[in-house]
Amino acid sequence: MRTSLLLLIILLLSSCQSGDPTRSEKQIEVFTWWTSGSEASALETVLETYQNRYPDVEVINASIAGGGGSAARPVLQTRLVGGNPPDTWQTHHGAELMGQYVMPGFAASVKDLYDAEGWYELFSPSLIEMVSKDSEPYLVVLNLHRSNTLWYNKHVLAEHGIPMGDALSIEELFRIAEEFQNTEIAPLCMGDTGIWATGIMFENTLAGTIGAERYQGLWNGSTRFTDSDVMEAVRTYGRLLNYQNDDHAALSWDQAADKMAEGACVFYSMGDWVYGELIRDGLQENIDFGWVAHPGTEGIHILVTDGFTLARNAPHPEETLNMLRIMGERVVQEDFNLIKGSICARNDCDRSRFGPYLQWAMDEYAKSVAVPTAIHGSAAPADFQQSLNDALTDFVVRRDAEAFTEMLAREARASGFGM
Ligand code: GAL
């Protein structure tokens, strides 16, 4: 009797240690950098839908903090190189997807899924091309962000009697900024604990100064980083840096959005993930905050996509394909994007569910030239992206425009696309 009781206890203990075998077999690990308030809740809508539909699968949310993926990507690389991939991970289209994950053989084609789900009809051909190699798509795109929006606090401007129209020129921006300089309210909002955030302001200023065609030329060698119009953009960016909040280097991008929401700074040149944060902060669009294109970028849409891969040799392929299928669904994309501050990648979402900003973003995307972003890895290889971040880190301190543009020109040559 005693022995059988002992045996029973040992059995119970060992089953506790090894866990529930059925549970650990049915798993899926989703790797992202969505940890800010709005990012995490948007992701949660997708994971919850999955969990409700597949209650016996353990969903592991492997998100690593750090806007733009600056901290997540190196961890991911180590895991991929070490043969320990998450089942699916977040990435941007273009150079990042191709150079980091498709060419080295870390991501598998999802063409069968596209065929089975009829996605060739439901996503635009141009978008599918951005995520395909040799006619095989490698990404399920969940959302389309715009990174060249200039946000502003409406109350602060109204209290100072400053009217805002549908567009703002760079000189008008400097004029208004001057009014707030040396007051308690910083003219420009910034949170660049991650250098990429000031990189957005740079990239927006660059596109706004040299225009869509010359901007695109940077990535195929027809525009040189040392050309005079690029130099002018760098100088303008340097001027903008004089107007940002003093504590910018201690804040993350979302903390800077909170600062704008509180009225501690006025304008914020940043992607529309800021919209997600402002809404989460309880602000109302067109009442508490407004927006225009970053000066000079009217008709240009700097496109930041977020999509998910299928790992080659994914530990849980069936669960992963089910997750990707869900990510491509219309209502899932609508629910996610309403919180995230982006627009659907699918072209059949219900427009009426979205508020004024996101409807504006949809219209702008439809009528503008979409150009890639180097800051978010789509325009140029990862080595160049890293050099751009290094050059920015140096520029914000030294403000040496010649050194900055020469370094970029050198790195563009080294990466094989500059002259
Ligand atoms: C981008 C990403 C966006 C947003 C932003 C800030 O790289 O595409 O979805 O999350 O970073 O973290």
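No experiment lies behind these values; they were computed from the predicted model shown. In what follows, every heavy atom counts, from backbone to side chain, and hydrogens, waters and symmetry copies are set aside. Note that ligands are numbered from 1 as they come in the structure, with each ligand's atoms numbered from 1 the same way.
- Between Glu277 and Lys259 there is no salt bridge, since none of the side-chain N atoms of the basic residue sits less than 4.0 Å from a carboxylate O of the acidic one.
- For ligand 1, the atoms lying closer than 4.0 Å to a non-hydrogen atom of Trp33 are 1 (C), 2 (C), 7 (O), 11 (O), 12 (O).
- For Asp363 and Arg351, the salt-bridge test passes: some basic side-chain N is under 4.0 Å from an acidic carboxylate O.
- Nearest to atom 1 (C) of ligand 1 among the protein's heavy atoms is His376 CE1, 3.3 Å.
- Judged by the shortest distance from any of its heavy atoms, Gly68 lies inside the 4.0 Å radius around the atoms of ligand 1.
- Proximity to Trp253 (heavy-atom distance under 4.0 Å) selects the following atoms of ligand 1: 6 (C), 12 (O).
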Q: Check step by step if side-chain hydrogen bond (donor to acceptor under 3.5 Å, both in side chains) holds for Thr373 and Glu203.
A: CA-CA 8 Å; Thr373 155; Glu203 208 168 61; 2.8 Å; yes
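- For CD of Glu129, the number of neighbouring non-hydrogen atoms (other residues, nucleotides, ligands) closer than 6.0 Å is 12 at most.
- Checking only distances, Thr305 never comes within under 3.5 Å of ligand 1, N or O to N or O.
- With respect to Arg79 and Glu29, a salt bridge is recorded, a charged nitrogen being found less than 4.0 Å from a carboxylate O.
- Regarding atom 12 (O) of ligand 1, its nearest protein heavy-atom neighbour is Glu39 OE2, 2.6 Å.
- In summary, the atoms of ligand 1 found under 4.0 Å from a heavy atom of His92, numbered by their order in the structure, are 1 (C), 2 (C), 7 (O), 8 (O).
- Of the listed options Asp306, Asn143, Asp254, Asp306 places a heavy atom closest to atom 9 (O) of ligand 1.
- Checked by atom type, the side-chain pair Thr91/Gln100 shows no donor-acceptor distance below 3.5 Å.
- Atoms of ligand 1 lying under 4.0 Å from at least one heavy atom of Gly67, given by number and element, are 12 (O).
- For Tyr275 and Trp360, the distance between ring centers is not under 6.0 angstrom.
- Of all atoms in ligand 1, numbered sequentially from 1 with element shown, those under 4.0 Å from a heavy atom of Val304 are 8 (O).
- At under 3.5 Å, not a single nitrogen or oxygen of Trp196, backbone or side chain, sits near a nitrogen or oxygen of ligand 1.
- Across Phe336, Trp89, Trp34, Phe31, a single residue satisfies ring pair (Phe, Tyr, Trp, His ring centres under 6.0 Å) together with Phe308, and that is Trp34.
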